[in-house]
Amino acid sequence: MLTDWPLDTLRDYRPARTEPDDFDHFWAATIGEAAAAAWPARLEPYDAGLATVEVYDVTFAGHAGQPVRAWLLLPRQRSGPLPCVVEYIGYGSGRGLPHDWLFWSAAGYAHLVMDTRGQGAAGSLTGDTPDPDPSGAPQANGFLTRGVTDPARYYYRRVFSDAVRAVETARLIPQVDPARIVVAGGSQGGGIALAVAGLLDGLAAVLADVPFLCHFRRAVDVTDAGPYGELGSYLQTRRDEVDRVFHTLGYFDGLNFAPRITAPVLVSVALMDRICPPSTVFAAYHHCASADKDIVVWPYNGHEGGAAFQRVEQLRWLGKRVPAAEGGTS
């Protein structure tokens, strides 16, 4: 069944935004601190047993210079620097193993898959990056409320900072064309991709599938499914912290990154999605400032969205804007 408003209503839904007055200063300082603490990334060849894909085990400097792991996959047959898809992962999972990520290298792109700090112990894919800077404050199960009363200590400040550094790392890899970087992800990864696109200039494209971390106020009101349900659980007992929590979330809401996104954007949404309600996705999409944006609607799907069918849409869309080969596609 539909979990939100009808499609005609969703297509017109553009809610008012509320962002902290120092939003831009907060993020400029955060990204500047991470850049100042950066050190050269380490790329170690990794024998994944794959005949057509070259793999590197990557460690780069994320938030506060803390090490973050990633996989770099390159098609063995290539000539010159490649466009690169920097991918962020769904909630609870880590980077897994290289053979979990063959799609983009098979399509002719370099592919950097960023591990998500602290995650990968309970999801479908294992993780290798710890989160050494938790606030220590009470939180609900999961990550969404970790440090949520203080923007400077909030979990996603570290994650978004890592994600920006992943792009900067990709730009310095010799096999990658720094002018053709695409950020991508689904669910949590889609929300991270939107945030990075709002924080960095010069991206070639953005692929955000059924994105999480958008329009928190609406999400908490219309779904108790996780992960948004973690916020509801937290606020059930921390009744006096509602305003403080949503003030913090204002720094991390895709709704507030969207007006700062100018790169081409392809978003997907599923109308039966209880995890990331469609209204939250449409809200971020409609506020996106890009002159080149599209949204793919999957009317009879839940949080899986378009799955393999969405991959077809991405290949067609991206091939017209950031083709794997310099000659382009028709």
Side-chain angles (χ1 to χ4, degrees), residues 23-44 55-74 80-89 94-95 101 104-105 109-118 127-133 155-185 188-208 213 251-252 254 257 260-265 290 318 322:
F23 183 93
D24 290 320
H25 178 268
F26 173 86
W27 281 111
T30 296
I31 301 310
E33 290 170 11
W39 35 266
R42 298 190 295 270
L43 280 70
E44 300 177 0
V55 180
Y56 291 87
D57 187 349
V58 180
T59 307
F60 67 91
H63 173 77
Q66 295 163 354
V68 178
R69 305 290 294 277
W71 294 120
L72 174 65
L73 291 85
L74 302 167
L82 298 172
C84 181
V85 176
V86 177
E87 185 162 0
Y88 309 112
I89 302 169
R95 66 173 184 161
W101 306 99
W104 288 112
S105 58
Y109 295 84
H111 188 195
L112 185 74
V113 184
M114 187 190 87
D115 207 19
T116 309
R117 60 169 59 225
D128 297 302
T129 303
D131 179 25
D133 189 29
Y155 172 74
Y156 280 101
R157 178 174 181 252
R158 301 189 289 279
V159 173
F160 290 0
S161 184
D162 293 344
V164 167
R165 293 307 310 164
V167 171
E168 301 294 10
T169 297
R171 285 173 169 166
L172 296 175
I173 294 172
Q175 299 94 329
V176 168
D177 180 350
R180 294 189 291 161
I181 303 289
V182 179
V183 292
Q188 174 184 253
I192 296 171
L194 291 176
V196 172
L199 291 170
L200 282 180
D201 294 326
L203 294 174
V206 185
L207 303 173
L213 305 170
Y251 292 94
F252 304 92
F257 290 109
R260 296 165 168 86
I261 298 174
T262 57
V265 179
S290 175
L318 195 61
V322 193

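- Taking the centre of each ring, Tyr251 and Phe160 stay at or above the 6.0 Å mark.
- In this structure, Leu200 CG and Ile261 CD1 are separated by 11.0 Å, a value rounded to the nearest 0.5 Å.
- Using modelled atom types, no side-chain atom of Gln188 and backbone atom of Leu213 make a donor-acceptor pair closer than 3.5 Å.
- Summarising the geometry of Trp39 relative to Gly65, their closest heavy-atom pair is NE1-O, 2.9 Å, with the distance given to 0.1 Å.
- One distance of note links CG of Leu203 with OG of Ser290; it measures 11.0 Å at 0.5 Å rounding.
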Open item on the list: Apply side chain to side chain donor-acceptor pair (under 3.5 Å) to residues Arg117 and Gln66 and explain how you reach the verdict.
Closed with: CA-CA 10 Å; Arg117 60 169 59 225; Gln66 295 163 354; 2.7 Å; yes

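- Distance CD/Glu44 to CG/Asp57: 6.0 Å, rounded to 0.5 Å.
- Put simply, the residue from Asp128, Thr116, Asp115, Thr129 that forms a side-chain hydrogen bond (donor to acceptor under 3.5 Å, both in side chains) with Arg95 is Asp128.
- The distance from atom CD1 of Ile181 to atom CG of Leu112, rounded to the nearest 0.5 Å, is 8.5 Å.
- Across Val206 and Ala193, no two heavy atoms sit closer than the pair CG1-O, 4.1 Å.
- Looking at every heavy atom in both residues, Asp177 comes nearest to Pro83 through CB-N, 4.5 Å.
- Contact between Arg180 and Val322 at its shortest, heavy atoms only, is CB-CG1, 4.0 Å.
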TODO: Go through Arg260 and Phe23 one step at a time and tell me if the side chain to side chain contact (heavy atoms under 4.5 Å, CB included) criterion holds.
DONE: CA-CA 11 Å; Arg260 296 165 168 86; Phe23 183 93; 3.5 Å; yes

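- Looking only at distances, a side-chain donor or acceptor of Asp162 sits under 3.5 Å from a matching main-chain atom of His63.
- Residue Ala204 comes nearest to Pro264 through the heavy atom pair O-CD, 3.4 Å, listed as atom of the first residue, atom of the second, then distance.
- How far CD1 of Ile192 is from CZ of Phe252: 12.0 Å, rounded to the nearest 0.5 Å.
- Comment: Arg165 does not engage Glu168 in a salt bridge, judged by the lack of any side-chain N to carboxylate O separation of less than 4.0 angstrom.
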Would you mind writing out the side-chain donor-acceptor pairs for residues 30-37 within the sub-3.5 Å range, not counting sequence neighbours?
from, atom 1, to, atom 2, distance (Å)
Thr30, OG1, Phe26, O, 2.9
Thr30, OG1, Arg157, NE, 2.9
Thr30, OG1, Arg157, NH2, 3.3
Glu33, OE1, Arg157, NH2, 3.1

Task: Val85 vs Trp101, side chain to side chain contact (heavy atoms under 4.5 Å, CB included): CA-CA, chis, key distance, verdict - done: CA-CA 11 Å; Val85 176; Trp101 306 99; over 6 Å; no

Task: Intermediate values then yes/no, side chain to side chain contact (heavy atoms under 4.5 Å, CB included), Trp104 and Val182 - done: CA-CA 11 Å; Trp104 288 112; Val182 179; over 6 Å; no

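- Between Gln175 atom CD and Tyr56 atom OH the span is 5.5 Å, to the nearest 0.5 Å.
- The two residues Phe60 and Arg69 have their closest heavy-atom pair at CE2-O, 4.4 Å.
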